[in-house]
Amino acid sequence: MIDLRLLREDPELIRASQRLRGEPTELVDDLLRADEERRAATQRFEALRAEQRSLSKLVPKASPDERASLLARTKELAAEVKAAEAATGTADDALRQAHLAVPNVVQDGVPAGGEDDFIVLREVGDRPAIDNPKDHLEIGEALKAIDTERGAKVSGSRFYFLTGVGALLQLGMLQMAIAQAVEYGLVPSITPSLVKPESMEGTGFLGAHASEVYRLEADDLYLVGTSEVALAAYHSNEILNLTGGAARYAGWSSCYRREAGSYGKDVRGILRVHQFDKVEMFSFCRPEEAADEHLRLLAMQEEMLAKVEIPYRVIDVAAGDLGSSAARKFDCEAWVPSQGRYREVTSTSNCTTFQARRLNIRYRDADGKPQTVATLNGTLATTRWLIPILENHQQPDGSVRVPKALQPYVGGRDILEPVR
RNA sequence: GGAGGGUUCGCCUAGUGGCCGAUGGCGCCGGUCUUGAAAACCGGUAUGGGGAGACUCAUCGUGGGUUCGAAUCCCACACCCUCCGCCA
């Protein structure tokens with residue numbers, strides 16, 4: 001939810017952000033109107049309520065004949081108060097709806113446009129020269145590391161088993177991510193995969209992406225698509241102490257996505273699956289520190305990519321391709337030799353105060369006054385990384401070289417050999 | 001799944017219809033005293049909304065109801081705890 005004070009002071013700023021996203025500016029005017037109507041309704045109610053309370057206090061002191069007329073008046077007032085309260089409730093609901101409809105204000109410098117209008121900030125690493133590169137599934141099957149056939153047999157399409165060195169590789173990579181996170185002072189966390197509706201809603205995943213989310217009808221719980229959900233809601237309705245700096249976490253969880261509407265897209269291998277594992281970073285910090293914090297998260301992602309020795313590029317995602325909570329988003333895309341192009345392997349978003357306002361997460365400023373925190377998130381490692389790791393490090397004989405930094409996390413193996 | 005107990009301001013607690021936004025203790029902050037600290041004493045100590053402001057409104061788990069008036073009475077729900085059963 002955007003800051004209503006900012007909206008009142010500078011509605012044009014919000015309209016400009018909407019234009020950058022390619023979203024209607026009318027939503028901004030709807031919100032302004034709803035805000036005004038709610039304030040008017042509230043004032044009406046409060047005036048009536050104040051009168052009711054002061055008259056009510058006179059009742060016990062009144063003489064018997066005064067009392068009769070007083071009671072007549074207060075009885076009338078009670079009905080008016082009730083009506084005014086109902087009107088306030090209606091206005092509140094309308095405001096909330098209008099409020100939820102407006103996405104976060106885009107940060108200065110974000111490119112305008114949609115999915116293809118990103119800006120490439122840099123390309124890092126040398127792409128390996130591989131003749132007729134095999135794709136990750138072919139390599140993974142030869143290593144007996146990835147089994148999508150049995151995944152489909154047991155659970156359906158877009159499910160898979162990681163076995164043998166495949167399982168070891170994923171566990172090792174995620175452990176390396178946690179180790180790096182700990183090194184930088186993040187609190188390692190294993191988070192719930194099932195969350196209540198308010199947690200899902202608070203993080204903004206029930207808006208445009210509601211159809212992406214698995215819901216357990218019988219228990220009214222949702223399967224998270226990322227531990228961002230649980231980590232964001234972890235401090236909901238709290239006032240954090242940020243005097244020692246940002247509160248930072250690294251959450252490890254399985255993630256679940258319905259991938260509705262992506263039929264026929266990336267069906268081969270483990271690029272786009274219903275369940276995967278991920279280590280996700282999450283920061284709560286002062287709003288004025290958020291842009292720097294964002295760069296810090298990006299740097300940690302790049303450090304991880306360097307450790308697994310895969311070429312990648314960093315893109316500044318265009319406004320129209322941002323999630324509703326994000327003010328800015330950087331993606332790292334790894335080089336995938338079999339496809340001859342870059343594919344997203346990390347994403348980091350600065351949600352400024354947008355997400356925290358909905359989740360009611362605050363800190364105390366220098367004057368001791370509660371203020372809304374900024375939240376940021378970013379991928380540190382995920383199942384998908386196995387793709388560029390296997391493909392970029394494949395050898396002509398079908399084996400796969402293990403990057404040096406990863407070797408200690410896979411039992412010291414430096415090479416993964418095909419299983420015959 | 002069954003039975004019982006509970007949910008009040010950071011923590012503990014008082015409060016059974018108006019004097020209650022709410023008692024007391026602990027904690028915390030400030031002050032006095034002290035070479036310093038502790039102790040003692042004094043004062044302060046929820047959040048959100050509206051208003052230029054004096055101020056005002058909301059919030060005692062949540063939602064409804066009764067009443068001129070609800071932390072307090074009634075109904076429903078949620079959550080927590082204990083015990084029994086079941087499962088792992």
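Worth knowing before you read on, the calculation uses all heavy atoms, side chains too, and leaves out hydrogens, waters and symmetry mates. Convention: sequence-line order gives letters A, B, ...; per-chain numbering from 1. These numbers come from a predicted model, not from an experiment.
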Should we count [atom1] of [X] as having more than 12 external heavy atoms under 6.0 Å?
{"X": "Asp108(A)", "atom1": "CG", "value": "no"}
{"X": "Glu149(A)", "atom1": "CD", "value": "no"}
{"X": "Arg5(A)", "atom1": "CZ", "value": "no"}

So Arg73(A), base contact, sugar-phosphate only, or nothing? Heavy-atom distance under 4.0 Å.
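Here Arg73(A) touches no strand at all.
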Determine the contact category for Arg362(A): base if any of its heavy atoms lies under 4.0 Å from a base atom, sugar-phosphate if only primed atoms, P, OP1 or OP2 are that close, otherwise nothing.
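Answer is sugar-phosphate: Arg362(A) comes under 4.0 Å of backbone atoms only.
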If you check every side-chain atom of Pro370(A), which of G18(B), G21(B), G48(B) has the closest atom?
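The listed nucleotide nearest to Pro370(A)'s side chain is G48(B).
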Where the side chain of Gln43(A) is defined as all heavy atoms beyond and including C-beta, which of G50(B), G49(B), A58(B) is the nearest nucleotide?
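The answer is G50(B).
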Could you give the distance separating [M] and [N] at their [atom1] atoms, to the nearest angstrom?
{"N": "G63(B)", "M": "U13(B)", "atom1": "C1'", "result": "27 Å"}
{"N": "C28(B)", "M": "A46(B)", "atom1": "C1'", "result": "14 Å"}
{"N": "C11(B)", "M": "G61(B)", "atom1": "P", "result": "13 Å"}
{"N": "G24(B)", "M": "A78(B)", "atom1": "P", "result": "37 Å"}
{"N": "G31(B)", "M": "U82(B)", "atom1": "P", "result": "45 Å"}
{"N": "U23(B)", "M": "U72(B)", "atom1": "C1'", "result": "15 Å"}
{"N": "G27(B)", "M": "A38(B)", "atom1": "P", "result": "12 Å"}
{"N": "C86(B)", "M": "A76(B)", "atom1": "C1'", "result": "29 Å"}

Spacing between [X] atom [atom1] and [N] atom [atom2], to the nearest angstrom:
{"X": "Glu85(A)", "N": "G63(B)", "atom1": "CD", "atom2": "C1'", "value": "12 Å"}
{"X": "Asp35(A)", "N": "G51(B)", "atom1": "CG", "atom2": "P", "value": "9 Å"}
{"X": "Arg53(A)", "N": "C20(B)", "atom1": "CZ", "atom2": "C1'", "value": "10 Å"}
{"X": "Glu76(A)", "N": "G69(B)", "atom1": "CD", "atom2": "P", "value": "13 Å"}
{"X": "Leu4(A)", "N": "G49(B)", "atom1": "CG", "atom2": "P", "value": "10 Å"}
{"X": "Arg38(A)", "N": "A58(B)", "atom1": "CZ", "atom2": "P", "value": "15 Å"}
{"X": "Glu46(A)", "N": "A58(B)", "atom1": "CD", "atom2": "P", "value": "7 Å"}
{"X": "Leu221(A)", "N": "A78(B)", "atom1": "CG", "atom2": "C1'", "value": "13 Å"}

Scan every strand shown for a Watson-Crick or G-U wobble partner of [N], both distances under 3.5 Å, and answer none if you come up empty.
{"N": "G27(B)", "value": "U45(B)"}
{"N": "A88(B)", "value": "none"}
{"N": "A40(B)", "value": "U32(B)"}
{"N": "G18(B)", "value": "C68(B)"}
{"N": "G4(B)", "value": "C81(B)"}

Could you check whether any side-chain N or O of His294(A) sits under 3.5 Å from a backbone N or O of Leu376(A), counting only pairs where one atom can act as donor and the other as acceptor?
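A pair under 3.5 Å: no.
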Flag, side chain of Glu212(A) to backbone of Glu259(A), donor-acceptor distance under 3.5 Å
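Looks like yes, one N/O pair under 3.5 Å.
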Report the residue (Gln52(A) or Thr42(A)) whose heavy-atom-nearest nucleotide on RNA chain B is the more 5′ of the two.
Thr42(A)
RNA chain B nearest-nucleotide lookup for Lys75(A) and Ile239(A): closer to the 5′ end is Ile239(A)
Look at [X] and [N] and indicate whether a side-chain polar atom (N or O) is within less than 4.0 Å of OP1 or OP2.
{"X": "Arg5(A)", "N": "G50(B)", "answer": "yes"}
{"X": "Arg8(A)", "N": "G50(B)", "answer": "yes"}
{"X": "Arg364(A)", "N": "U45(B)", "answer": "no"}
{"X": "Lys82(A)", "N": "U67(B)", "answer": "no"}
{"X": "Arg49(A)", "N": "A58(B)", "answer": "yes"}
{"X": "Lys57(A)", "N": "G18(B)", "answer": "no"}
{"X": "Arg39(A)", "N": "G51(B)", "answer": "yes"}

Distance, nearest 0.5 Å, that separates CD of Glu46(A) from CZ of Arg49(A)
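That separation rounds to 10.5 Å.
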Contact between Lys278(A) and Ser227(A) at the side-chain level, heavy atoms closer than 4.5 Å - yes or no?
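A side-chain contact is absent here, since even the closest heavy-atom pair is not under 4.5 Å.
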Angle class for the Tyr249(A)/Phe284(A) ring planes (parallel below 30°, perpendicular above 60°, tilted otherwise)?
perpendicular
